[in-house]
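Because the structure is a prediction, the values reported are computed rather than measured. Just the heavy atoms: all of them, side chains too, but no hydrogens, waters or symmetry mates, feed the values below.
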Amino acid sequence: GAVVSQHPSRVICKSGTSVKIECRSLDFQATTMFWYRQFPKQSLMLMATSNEGSKATYEQGVEKDKFLINHASLTLSTLTVTSAHPEDSSFYICSALPLTGGNEKLFFGSGTQLSVL
Amino acid sequence: DAKTTQPPSMDCAEGRAANLPCNHSTISGNEYVYWYRQIHSQGPQYIIHGLKNNETNEMASLIITEDRKSSTLILPHATLRDTAVYYCIVRVVGNEKLTFGTGTRLTIIP
């Protein structure tokens, strides 16, 4: 099956610093990638839709200046949490939609656990 | 995307079939039924999807009622590794995004 690699799997940072999370589709190309956030014991919440070569589309209530998304190639999207604060501590998950295959399946990365001290 | 309703939790004995129900009474004609599962601290894993016919793959079977207002995911011989949160999602192919509900926490009992 298609593989989506997400890195790092876990990161701890100090309040006020920025953290970059990478999402790569290893064996397929993806024009569209999605970023989700998941708090403990809650479901996944879509943060933004990332399209290769264009600006990301953010869901209502998600600050675009705080969560910077770059989708510079068909296999890589990055999420940068700027000036992180403890309330940004969460599980961040990316998913990718293959360019071919009829848009039927989304494949997910293994997630990044962010802890802001 | 249409809303789905799932029981919050279920238990199943190891080796038995696990039957997970999902109601999607407002599903539209062009919406597919998708099932994903999430094992603790991992990303969701695709299981199966279908439009109106029953589907089977190496992981599970999907039974969709004739009126398409509900469906059942069947794990034929549950193992301890099947313990996870199972999400039933309806989605228009080409609409791209997946909107997750609260899912069913399935616990396989030894």
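Side chains of A:K41 and B:R105 form no contact here, defined as non-hydrogen atoms less than 4.5 Å apart.
Note: the hydrophobic cluster containing A:F91 does not contain A:L79 (ILVMFWY, side chain heavy atoms under 4.5 Å, direct or indirect links). Both B:M10 and B:W35 are members of a single hydrophobic cluster when ILVMFWY side chains are connected at heavy-atom separations under 4.5 Å. Hydrophobic cluster membership differs between A:F107 and A:I21, with clusters built from Ile, Leu, Val, Met, Phe, Trp and Tyr side chains linked at under 4.5 angstrom. Under a hydrophobic clustering in which Ile, Leu, Val, Met, Phe, Trp and Tyr are joined whenever their side-chain heavy atoms come within less than 4.5 Å, directly or via other members, A:V62 and A:V19 fall into the same cluster. Residues A:F108 and A:L46 fall within the same hydrophobic cluster, defined by Ile, Leu, Val, Met, Phe, Trp and Tyr side chains chained together at heavy-atom separations under 4.5 Å.
Contacts of A:I93 with chain B are made by side-chain atoms alone, with heavy-atom separations under 4.5 Å and no backbone atom involved.
A distance of 9.5 Å separates CD1 of B:I48 from NZ of A:K105, quoted to the nearest 0.5 Å. Atom CG of A:L44 is separated from atom CD1 of B:I89 by 8.5 Å, given to the nearest 0.5 angstrom.
Panel note: side chain A:S43, backbone B:G101; a donor-acceptor pair is recorded below 3.5 Å. For the pair B:Y36 (side chain) and A:L106 (backbone), a donor-acceptor distance under 3.5 Å is present.
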Less than 3.5 Å apart, which donor and acceptor atoms pair up between the side chains of residues 33-40 of chain A and the rest of the protein, not counting sequence neighbours?
residue, atom, partner, partner atom, Å
A:W35, NE1, A:S77, OG, 3.1
A:Y36, OH, B:L98, N, 3.4
A:Y36, OH, B:L98, O, 2.7
A:Q38, OE1, B:Q38, NE2, 2.8
A:Q38, NE2, A:Q42, O, 2.9
A:Q38, NE2, B:Q38, OE1, 3.0

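Against chain A, the residues from residues 78-87 of chain B that qualify, each with a non-hydrogen atom under 4.5 angstrom away, are B:Y87 in number order.
Most heavy-atom pairs under 4.5 Å with chain B, from the set A:C94, A:S95, A:G111, A:S110: that is A:S110.
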